[in-house]
J.: 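My questions all concern the structure below.
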2 protein chains.
Amino acid sequence: MGRPATDKRARLVAAAVQLFHHKGYARTSIADVAKTARMPAGNVFYFFKAKEDLARAVVDDWCRMLADYLAVHDSQPDYESRIEGFIENACAISGMYVSLGCPLAGLARDLRHEGNALTAEASRVYAVQFEWLIGQFTLGGYSVPEATAHTRLLMAGYHGAILMAHAQGDPTLIADEVAHLKSWLKNLPRPASRSTRRRA
Amino acid sequence: MGRPATDKRARLVAAAVQLFHHKGYARTSIADVAKTARMPAGNVFYFFKAKEDLARAVVDDWCRMLADYLAVHDSQPDYESRIEGFIENACAISGMYVSLGCPLAGLARDLRHEGNALTAEASRVYAVQFEWLIGQFTLGGYSVPEATAHTRLLMAGYHGAILMAHAQGDPTLIADEVAHLKSWLKNLPRPASRSTRRRA
DNA sequence: GTCTATATATTGATAGAC
DNA sequence: GTCTATCAATATATAGAC
């Protein structure tokens, strides 16, 4: 169906992804987005009939980017190395987390304040990480309830450390939590039943 | 010095505390605050010459409220019971956390997006909890570095679980983390040196 | 001290020329 | 499809009557 041949829509989404992270959703104007994407303000409404629709496109883009990033870990041979890679990545980008906060946390919070229309979108942004982690623990031989419980603790500690590091302006909060989570992961009780891959 | 005899200022701050939590800082207008506090909009600027100053007063109010709440735990006989009370409180108010998110997280994030003028204020909101927890662990005999490390892990898991529960709309994320943290606290290695209060 | 205007800027969104 | 001009609503903040 008649999508435009240009990359204008993609440029608008990319600009919105960045600005929603840097300034927040409410403080980012359509004019801001258009300017960052190097086009006139009125043009935005050709691609998105309302700011809400732009927000939905931004959520879609984050889900896609997160899935792409998580796929990078697929080259690791076992589930534990893949999860460890996920955990350690927080250290690699802790500077961004400290200065701007987690983009997922920001987006989820912002969208919940924009009326019921966007509340459902807010829940989607973390779902990709949740599902990937549950899938990895399951591959490691844990039952789905076990994998879910482990994932929830991991996600809480992981994103909580980012939250604290941002609020306190201190990247060592992330480094300490990463070290703690790696140790926690290594000392996790082995799954009771069959494991599709041996080794810790 | 010439403070007004009425409670209008306090009513404005209370209204702002509530609205900043429910709607976020950017989406809360001065008119909203005045209306909630039952007075005309123009009146706000007699007490706060700018919206920024209202934000500062809201941060002050949160620091005071947090200190008052933490003092409730002083009746507990030992540091471990006091920290346990702090942890368990997340369950008691998990409904509020799920529907509105943590007010501290929201305020901290919102203020960081309002230019450099309010960034410093954003760091203050968690400081009361950090310092109280470090103080409790220290009373339990831990060294200041040990107490700080324990506090940082606790704060990350605690506030991370609230963040996830809000984003996913699921209070069991908080209940599970609370159970985990209580077990973690109980199994924490005893401090090496003198302890001002015996017992786990 | 308190409240009623109102100034001024910016917002999301639309209409219509090209 | 693209862009200009502009609307209507809402925001913070001020001036000045009471």
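Quick caveat: nothing in here was measured; it's all calculated off a predicted structure. Residue numbers start from 1 in every chain, and the chains themselves are labelled A, B, ... in the order their sequence lines are given, proteins ahead of strands.
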J.: Can A/K51 be said to sit on top of A/F45's aromatic six-ring, NZ or CZ under 6.0 Å from centre and within 45° of the ring axis?
T.: no
J.: Is the closest basic N to carboxylate O distance between A/E84 and A/K182 below 4.0 Å?
T.: no
J.: Can you tell me how far P of D/dA13 sits from CG of B/L54, to the nearest Å?
T.: 10 Å
J.: Under 3.5 Å for both distances, Watson-Crick or G-U wobble, that's the pair rule; now give the dot-bracket for DNA chain C, with | marking pairs to another strand and [ ] for crossing ones.
T.: |||||||.||||||||||
J.: Hey, are A/D60 and A/R64 close enough for a salt bridge, meaning a charged N less than 4.0 Å from a carboxylate O?
T.: no
J.: Quick test of your reading of the model: are A/E114 and B/R27 salt-bridged, counting only N-O distances below 4.0 Å?
T.: yes
J.: Does a nitrogen or oxygen in the side chain of A/N43 sit under 4.0 Å from OP1 or OP2 of D/dC3?
T.: yes
J.: Can we say B/D61 and B/R56 salt-bridge, meaning some charged N sits less than 4.0 Å from an Asp/Glu carboxylate O?
T.: no
J.: Please check: side-chain N/O of B/R112 versus main-chain N/O of A/S99, any donor-acceptor pairing under 3.5 Å?
T.: no
J.: Could you walk me through whether A/Q129 and A/H159 satisfy the side chain to side chain donor-acceptor pair (under 3.5 Å) test, starting with their C-alpha distance in whole Å, then the side-chain angles of each, then the deciding distance to 0.1 Å, before giving a yes or no?
T.: CA-CA 11 Å; A/Q129 288 186 348; A/H159 285 285; 2.8 Å; yes
J.: Return the value, rounded to whole Å, for the distance between atom CZ of A/R9 and atom C1' of D/dT2.
T.: 17 Å
J.: Can you give one letter per nucleotide of nucleotides 12-18 of chain C, going 5' to 3': B for a protein heavy atom under 4.0 Å from the base, S for sugar-phosphate only, - for none?
T.: SBB----
J.: In whole Å, what is the span from the NZ atom of B/K35 to the C1' atom of D/dA11?
T.: 16 Å
J.: For B/S81, enumerate each residue passing the side-chain hydrogen bond (donor to acceptor under 3.5 Å, both in side chains) test, keeping only those at least two apart in sequence or located in another chain.
T.: B/D78
J.: Looking only at side-chain atoms of B/Y46, point me to the closest of D/dT2, C/dC3, C/dT2.
T.: C/dT2
